[in-house]
Amino acid sequence: MSRKSVLITGCSDGGLGAALATAFHEAGLHVYATARDVSKMEKLSALGIETIALDITSSSSIASCVSKLQSLDILVNNAAVMLTMTAADVSVPEAKKVFDTNLWGTVQMCQAFLPLLIKSKGMIVNHTSIASMLPVPGGAAYAASKSALAMYSAILRMEVECLGVQVVDLKTGTVGPTNLINNNYTRTVSSTSDSDRSILPASSPYQLVKDLLEPILRQDNFKGSGMPPAEWAKLVTRDLLNSARPPPLIFRGHYVILAKIASWLPFGAMDGVVKKTTKFDQVESVLRQVA
């Protein structure tokens, strides 16, 4: 019998996709690791993992990728981009780019590979993260895209179950270090300095607390923190492979408990905890004093 196969998007070296590709490879599956730039998957290629160029925002790139496969058992939609900015200041054009990748790119992937997955009675895994459940200051665009993907996944799950395809919503907490935070492309000022990333626009109502807020937008508190990617990937792979029918929701990574608790408590009951965890409570304190 041929080995089961899995295709994973967003597998550039140093990211969660690469960690998953390695874990699936070690579990004995044939792995198709994909990224826009194949040269950024050299470490995976060195392990004997098959790498394919794929831009999930390009329908022609997706079609080319589909044509390279004869069969597929598992599709892991992991590719995503991060943008952090206050809801009042977020650039709509930049936010649309986030949705193009995080939502519509994944939708295109599901539709394109569904025929192969119906044939294999396979599985779709959509990586929505706990951002789809837990409101975090600065995460309006990213969280909205992931929330939309979570609802799409829930509906897709109901619709394709009768076709023999399983859909799993992977909700990841903090895992690090990874590319997602490091490649956060929020920009309002052109700069090569990391300290100038996620700069508030001059018109922002938060200019008074700029020094407090910008580290939150850069996610300085989360850099280098969280569950090690290799550990996270092994747990996720085990969750997906060690059962004939994995649960429709999988929670892995640090802080996932906060998302679970938030779903049980009355709306807004976790706001204080989130503000304290992100240090947004300090921003709020200053602004309330001058209001």
Side-chain angles (χ1 to χ4, degrees), residues 10 12 14-15 36-37 55-57 79-105 128-149 173-226 255 258-259 262 267-268 270-291:
S12 296
R36 285 178 296 180
D37 187 348
D55 179 355
I56 68 169
T57 65
V81 293
M82 172 75 79
L83 182 152
T84 50
M85 180 54 66
T86 56
D89 300 312
V90 67
S91 161
V92 172
E94 292 299 314
K96 287 182 177 180
K97 292 179 183 178
V98 172
F99 272 76
D100 283 343
T101 296
N102 296 1
L103 176 62
W104 299 121
T128 69
S129 92
I130 62 172
S132 65
M133 302 174 63
L134 194 64
V136 175
Y142 178 76
S145 71
K146 290 296 188 177
S147 296
L149 179 57
T174 305
V175 180
T178 65
N179 295 333
L180 190 62
I181 291 178
N182 294 333
N183 294 339
N184 181 342
Y185 68 75
T186 298
R187 300 284 191 281
T188 54
V189 176
S190 177
S191 175
T192 58
S193 171
D194 185 69
S195 63
D196 287 338
R197 298 175 73 173
S198 300
I199 301 298
L200 285 168
S203 59
S204 172
Y206 300 99
Q207 278 294 328
L208 180 65
V209 288
K210 177 179 178 179
D211 292 341
L212 290 174
L213 184 54
E214 288 187 348
I216 297 173
L217 299 180
R218 291 194 302 267
Q219 298 184 302
D220 289 350
N221 290 339
F222 297 104
K223 289 181 179 179
S225 66
Y255 296 114
L258 293 184
F267 179 79
M270 284 291 293
D271 287 3
V273 175
V274 172
K275 290 176 183 178
K276 186 174 182 179
T277 301
T278 60
K279 297 187 177 180
F280 190 80
D281 59 336
Q282 298 176 19
V283 172
E284 187 176 57
S285 177
V286 173
L287 291 178
R288 287 188 183 279
Q289 291 178 28
V290 299

Hey, is the main chain of Gly105 close enough, under 3.5 Å, to the side chain of Asp100 for a donor-acceptor pair?
-> no
Under 3.5 Å, side chain of Ser132 to main-chain N/O of Ser147, donor-acceptor pair present?
->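 Not a single qualifying donor-acceptor pair exists.
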Please list every donor-acceptor pair under 3.5 Å in which a side-chain atom of residues 282-291 meets a protein atom from a residue at least two apart or in another chain.
from	atom 1	to	atom 2	distance (Å)
Glu284	OE2	Lys275	NZ	2.7
Glu284	OE2	Arg288	NH2	3.4
Ser285	OG	Gln289	NE2	3.4

Residues that Thr277 engages under side chain to side chain donor-acceptor pair (under 3.5 Å), provided they are two or more places apart | none
To check you understand the geometry: which heavy-atom pair defines the closest contact between [X] and [Y], and what is its length?
X: Ile56; Y: Ala79; answer: CD1-CB, 3.9 Å
X: Gly138; Y: Leu217; answer: CA-CD2, 3.7 Å
X: Leu83; Y: Ala141; answer: CD2-CB, 4.1 Å

Would you indicate whether the side-chain heavy atoms of [Y] and [X] approach each other to under 4.5 Å?
X: Leu258; Y: Val274; value: no
X: Thr278; Y: Gln219; value: no
X: Asn102; Y: Lys146; value: yes

Could you list the donor-acceptor pairs under 3.5 angstrom formed by side chains in residues 201-208, with sequence neighbours left out?
from	atom 1	to	atom 2	distance (Å)
Ser204	OG	Asp89	OD2	2.7
Ser204	OG	Tyr206	N	3.0
Gln207	NE2	Pro201	O	2.7

For atom CZ of Phe280, decide whether the heavy atoms of other residues, nucleotides or ligands shown that lie under 6.0 angstrom number more than 12.
-> yes
